[in-house]
Amino acid sequence: MPALRPVSPVTPDPVAQFSRAEIAAMQRAVVNLFERWDLTDEQASRLLGDISVRTYQRWKSGSPGRAGIDLAERMSNLLGIHKALRMLFRDAERGYGWVSRANADFDGRSALDVMLDGRITDLMRVRRYLDARRGQW
């Protein structure tokens, strides 16, 4: 009987969870969201993991590009924040404005200030906060 060889583990593509079409849709949605949040291109670039401002401007002109796992996860978190705000606020404009208003739960900082610290965990912090708030009501 021949000896069995160990099977080498296959490492899945980390971005495989998002198709190219999904990434392009997320890019368009994030551009629209940032317009509603009234962000500068520099702020948008920061929230997206310090992609170049020029790359973000290409997105705005309708030319989406590739996205690695970090960028895809950032966009997913940002859209999760948007979803939570839409669920918490009947008036969409109040939700868009909430992002820039000071918040005692963030030590007087706005959610935008927290997210602009730049780490993906900062986006996750705001998302978890909103998800917890949704669970309270």
Is there a chain of hydrophobic side chains (I, L, V, M, F, W, Y, each step under 4.5 Å between heavy atoms) that links [X] to [Y]?
X	Y	value
W37	V53	no
L79	W59	yes
M124	M87	no

Counterpart residues, side chain to side chain contact (heavy atoms under 4.5 Å, CB included), relative to [X] (two or more places apart):
X	result
R90	none
D38	none
A92	R86, Y96

Measure the spacing between [atom1] of [X] and [atom2] of [Y] and express it to the nearest 0.5 Å.
X	Y	atom1	atom2	result
L130	L85	CG	CG	5.0 Å
R125	L123	CZ	CG	12.0 Å
S45	Q57	OG	CD	9.5 Å

query = What residue pairs, at least two apart or across chains, pass salt bridge (Lys or Arg N to Asp or Glu O under 4.0 Å) with a residue in residues 61-70?
reply = D70-R74
task = Applying side chain to side chain donor-acceptor pair (under 3.5 Å), name anything that partners S52, two or more places apart in sequence or on another chain.
result = T55
ask   = So, does S61 use its side chain to make a donor-acceptor pair with the main chain of R58 at under 3.5 Å?
value = yes
task = Only one of R134, R128, R133 passes salt bridge (Lys or Arg N to Asp or Glu O under 4.0 Å) with D131; say which it is.
result =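 Answer after filtering R134, R128, R133: R134.
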Give every donor-acceptor pair under 3.5 Å between a side-chain atom in residues 111-120 and any protein atom, sequence neighbours left out.
| from | atom 1 | to | atom 2 | distance (Å) |
| --- | --- | --- | --- | --- |
| D113 | OD2 | S110 | N | 3.3 |
| D113 | OD2 | S110 | OG | 3.2 |
| D117 | OD1 | R109 | NH2 | 3.0 |
| D117 | OD2 | R109 | NH1 | 3.3 |
| D117 | OD2 | R109 | NH2 | 3.3 |
| R119 | NH2 | D122 | OD1 | 3.1 |

message = List the residues meeting salt bridge (charged side-chain N to carboxylate O under 4.0 Å, His left out) with D50, not counting sequence neighbours, and say none if there are none.
response =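 Partners of D50 by the salt bridge (charged side-chain N to carboxylate O under 4.0 Å, His left out) criterion, ordered by chain and then number, come out as R46.
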request  = Apply salt bridge (charged side-chain N to carboxylate O under 4.0 Å, His left out) to K60 and list each qualifying residue two or more places apart in sequence or on a separate chain.
outcome  = D41
Side chains of [X] and [Y], heavy atoms from C-beta outward: is any pair under 4.5 Å?
X	Y	answer
S76	R127	yes
Y56	L39	no
M75	I23	yes
V126	V99	no

message = I need the minimum non-hydrogen distance between A24 and P64, along with the two atoms involved.
response =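 Heavy atoms of A24 and P64 come nearest at CB-CG, 4.2 Å.
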ask   = Which residue pairs pass the ring pair (Phe, Tyr, Trp, His ring centres under 6.0 Å) test with at least one member in residues 99-127, sequence neighbours excluded?
value =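 Listed by first then second residue: F106-Y129.
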